[in-house]
Amino acid sequence: MIERSAIIDIVFWAVAALAIAASVMVVTVRDVFKASLFLAGSFVAAAGLYVLLRAEFLAAVQVLIYVGAISILIVFTVMLVRQVSGGNRSGGPFFAIAGGVAAVLVALAISYAAVNSKWSDLDRAAAGDERVAAALTGEYQAQQSPGNPDVDLVKVPIDDPEKARHGVFERTTNQLGTMFIRDYVLAFEIISIVLLAALIGALAIARGARDGGTS
Amino acid sequence: MVEHEPIALTPTPDNPLFRQTYELDRSEGAVINQMRATHIEQFPDPLIEVPAEFRRSIFVGSIDALLNWGRKSSVFPLMMGLACCSFEMIASAMSRWDLSRFGMEVFRASPRQADLMIVSGTVTWKMAPVVRRLYDQMAEPRWVISQGVCATSGGPYYESYSVVPGVNKIIPVDVYVPGCPPRPDALIYGIMQLHEKIKRYSLAGRAAGRE
Amino acid sequence: MTDGFLDNAFFRNIYCNLASSGSDRCAGGGPFGDGLLPPGWEWLAFLVTAFVTVFVVVNGALMAVNLYIWGERRLLGRLQGRLGPNRWGPFGLLTPIADLIKVLSKEDIVPAAADRLVYSLAPVLLVVPVLLAFAVIPFGSSTWAANLNVGVLYLIAVLSVESFAPITAAWGSQNRYAMFGGLRAVALLVSYELPLVLSLIGVLMIAGSLSLVDIVNAQDVPFALVQPLGFLVFLIGSVAEIQRAPFDLSEAESELVGGYHTDYSGIRWGLFQAGEFMSTMVSGAIIATVFLSGWRGFDFLPSHAWFFIKFAGVLFVMTWIRATLPRLRIDQITSFAWKGLLPLAAVNLLASAVLSLIWPRPSVGELWAMAAVNVVVAAAAIYVLGQFGPKPGERPRPAVAPALGATGREGAA
Amino acid sequence: MTIVLGGEQVASVIEAITPGSVTGHDSSAAWVRAETWPAVARGLHDRPEADFKFLNSVTGVDYIDHFVIVYHLTSLGHNHSAVIKIRCGEAREDPVVPSAVPVWRGADLQEREVYDLMGIRFEGHPNLKRVMLWEGFPGHPHRKDFLR
């Protein structure tokens, strides 16, 4: 007998394999244009993972920004570069070592984050935590307990019948918006300033090149 | 035919334009001269042949009928005008004669997507390699209409030094439309004759004259 | 997993007929009895339901695009004083079918220099996002394949993937014309994506939801009236996004042969054409849903008919634009996007933000008030913007290439 | 209407610009010596009283025993036109005439065409090669002795 969760498992493994395969192809394929296509593919796979995590908003934004905008720009840039299909020559042992070290560091960081995170919701739902399961099925609203940080969720009855039918994880958009504007507004604005600086810098470089480097 | 030696050119090699293009011109001229020397015989007109063993087969016949109906009902012409006949070709697509009634207003500029090449007007030897290349780039099944007497036989320029005496020396032609230039009515009549011809193709039979 | 998909009557009917009635997900069974499958086989019911839905949506879209191509060709004919296709079948209705048969049976050429993988990928990249976009469009009061809570965002995201197709095709076929077309297409698509998305945000602020169904439900007054500036920008932007005339410079036949699909023949080219027409249909459906209140109308017609009327109206306007306006140059197009549509969309966003602060949950009367304010804002914004642009009859001075300036005037005193 | 200058008038204008360059004139055209043609052309173009800024056409004529080049000029400022003829060499062999391209750029393709079809060389032309026919075509078909 196959549960519906088994289907979701199958989908998860397929998407994860796709993401890894695409990522590996990005760094191994010689043709830069194909590499950028595979990069877009791995972005799409990441969006698929977000969907499985029920973060539809994040998935849509991922596709919109990373696939629809950034990958397109990368491809566009690649097309303006000479010697695309030949691949570039390797940069020597220094770059290989540096790249290896960077890769190992990133892998360590991600593993640390993965091990030390509280994978509360989904694991406990799968493990039969009745509070989380209740929250997921919409019987109760999940809320951070104010007094006790060890307890992730407390039972709060859902008064909105619409919400009760769909479960609490439907309106991620509103939660994200609230977080951006209230809790993490400083980081948000700093990132905006960094992006603005990058934009102005790119503009300055482009204009300088056109005017013969005089401006 | 009196043979003439080409007058010795005083090239202006200092000019960058000349430097860049002269070799190109020479190779192009060599191709044309070679075509002129070899394309003497006419391509036989593509004929319709249905093999005897398939003639009674209802299954193949009905597939053929469907395919041929589809092919004849959506013949996309190639957007290629060579000479004055092309104005009649354009006029036949305009509102008075309106080729679009047959689903043919889709003049494709790319030979890959076109089914019908209307050779509209005088084909000079200098244009001949281009016509041949466009024909080669068209995807099968493809058809050719020779519009006007110039394309059909050279017309008023018959035996001229620069005009191909009949485009069927370069590519096989399915339908000839006479006239100088033929009116759009005549061209549309030729197209309808082509429709009749397409209806008789069969999956197994290949038209003669294809290379 | 949430069971929101069972809100859809179509889904529910199939699923509940198949799945066991003991399942709590569809109490009472389906309309034609219950539980063809034993308990525990709900996954199969789910798969079958999903497959049937996808099948219906995809084939419905493909059939509809045939009809639409016929309609567009007839309409273009009438607009140009011609008859249009009328020979094959009644009123020429079978002409697109004939095109389909022909295109399917035509030789499929892959150029020798082409990159086979990329070359084959491009038509798929064009068609699949469009088909995905059909999933969230509500065709009637309860007819949709999925009601996502991020519906509008999903649509934009999925359709933005479509802009991969031209550049992939251009790169794959290794053709100069195709390359020019692809580069132009990407410049165009990247430029117009921004005003397109910005013009939608005003709607989202008033509706308070990203779901297309919620947006339709919020339209007691059609948002085309409440958001005239947003409607205008979105209409122009979506015509540009689907690269139809006057924005068809990426496949300009008189200069670039076929643009990015120059080297495609047979069914691959057919897929390109179908994808383009389908994206036109998707754009029309989005405009009808988001700005023209979708399926809502008066009671004497069913909701699907109202949707279809608005949808056809939008497509008519798009065809009209195509038959009327000449093609623009790439610099005109991009400067129009960045200097024209983007400020207008920003003005619209600002006005909507202020108005939705004043009336957070607008009633019908408040919607009409918003409409009145926004019409004034739109007229003022367009007038002010018009003061910056070139005046009527004024031509921009043609730029002289510096290299030609010295030699071009040789002998001219 | 454009004032059509007679051969005598044209000849006097040219004589005023570069003395000794005119070899004769008839009712419609002035005849110019080939080697003085660049100076004459420059003067006709630049001098305010001539002001021939526009070159209508360049024509080659085969007179069996020699070739002649005909230039039709128009002044847009004074609204008058002139015809100038140049005899290329004494016999059929190797007809040469100085090119007018440095003065009128519009002469470029026309002189190439005359070269292509008549076989007259234009000395000083920047890019003298065939334009109508292909490179490698035997002979020059508009010559009267061309037979195929």
Side-chain angles (χ1 to χ4, degrees), chain B residues 15-17 63-81 90-116 134 136-143 184 188 191-192 195 198-199 201-203 206 210, chain C residues 69-70 72-89 91-111 114 173 175 177-178 181 251-270 272-273 407:
Chain B
N15 191 292
L17 192 64
I63 291 282
D64 278 349
L66 184 69
L67 271 187
N68 288 340
W69 174 81
R71 284 171 176 177
K72 103 172 169 159
S73 305
S74 91
V75 180
F76 293 175
L78 182 62
M79 197 192 276
M80 181 184 81
I90 295 163
S92 66
M94 292 291 142
S95 48
R96 179 157 181 169
W97 283 278
D98 193 17
L99 218 46
S100 74
R101 288 172 295 145
F102 304 97
M104 287 179 67
E105 83 269 41
V106 197
F107 274 81
R108 299 310 309 173
S110 166
R112 303 255 190 240
Q113 298 150 11
D115 309 301
L116 167 65
L134 285 175
D136 287 341
Q137 283 178 340
M138 283 164 70
E140 290 276 2
R142 53 193 169 176
W143 293 281
I188 289 177
I191 287 169
M192 289 167 78
H195 288 167
I198 295 172
K199 270 202 254 177
Y201 271 71
S202 89
L203 274 180
R206 285 181 64 79
R210 308 286 187 208
Chain C
I69 289 174
W70 170 82
E72 166 135 352
R73 285 169 77 172
R74 288 286 286 199
L75 187 60
L76 267 183
R78 298 311 301 189
L79 289 169
Q80 294 169 351
R82 296 185 283 115
L83 288 172
N86 64 358
R87 285 298 168 105
W88 320 122
F91 306 108
L93 266 171
L94 293 183
T95 310
I97 311 283
D99 287 347
L100 190 67
I101 293 172
K102 193 244 353 211
V103 156
L104 274 173
S105 70
K106 205 150 164 67
E107 184 188 3
D108 181 23
I109 297 176
V110 180
S173 49
N175 180 314
Y177 289 124
E251 49 188 294
E253 285 174 357
S254 45
E255 14 174 336
L256 288 186
V257 181
Y260 54 84
H261 57 64
T262 297
D263 253 338
Y264 283 81
S265 64
I267 187 57
R268 295 178 209 254
W269 174 67
F272 268 115
Q273 293 300 99
T407 59

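Of the two parts of C/Ile109, only the side chain, counted from C-beta on, holds a non-hydrogen atom closer than 4.5 Å to a non-hydrogen atom of chain B. Residue B/Arg108 touches chain C through its side chain alone, counting heavy-atom pairs closer than 4.5 Å. Interface remark: C/Leu94 contributes backbone and side-chain atoms alike to the contact with chain B (heavy atom separation under 4.5 Å). Of the atoms belonging to B/Met79, it is side-chain heavy atoms, and not backbone ones, that fall under 4.5 Å from chain C.
Between B/Phe102 and C/Trp88, the ring-plane angle classifies as tilted under the 30° and 60° cut-offs.
Atom CD1 of B/Ile188 is separated from atom CG of B/Leu99 by 5.5 Å, given to the nearest 0.5 angstrom. Between the CZ atom in B/Arg142 and the CG atom in B/Leu134 there is a gap of 11.5 Å [rounded to 0.5 Å].
Among the candidates B/Pro111, B/Ser73, B/Ala109, B/Ser110, the residue making the largest number of heavy-atom pairs closer than 4.5 Å to chain C is B/Ser73. Ranked by heavy-atom pairs under 4.5 Å with chain B, the list C/Arg82, C/Arg87, C/His261 is led by C/Arg82. Here C/Asn86 is the residue among C/Asn86, C/Thr95, C/Ile97 with the most heavy-atom pairs under 4.5 Å with chain B. Interface summary for chain B: among C/Ser105, C/Gly270, C/Gly92, the most heavy-atom pairs under 4.5 angstrom belong to C/Ser105.
Residues satisfying the salt bridge (Lys or Arg N to Asp or Glu O under 4.0 Å) test with B/Lys72, not counting sequence neighbours, are none.
Remark: C/Arg268 engages C/Asp108 in a salt bridge, criterion side-chain N to carboxylate O under 4.0 Å.
For the side-chain hydrogen bond (donor to acceptor under 3.5 Å, both in side chains) criterion with B/Arg112, the lone passing option out of C/Thr262, C/Asp263, C/Asn175 is C/Asp263.
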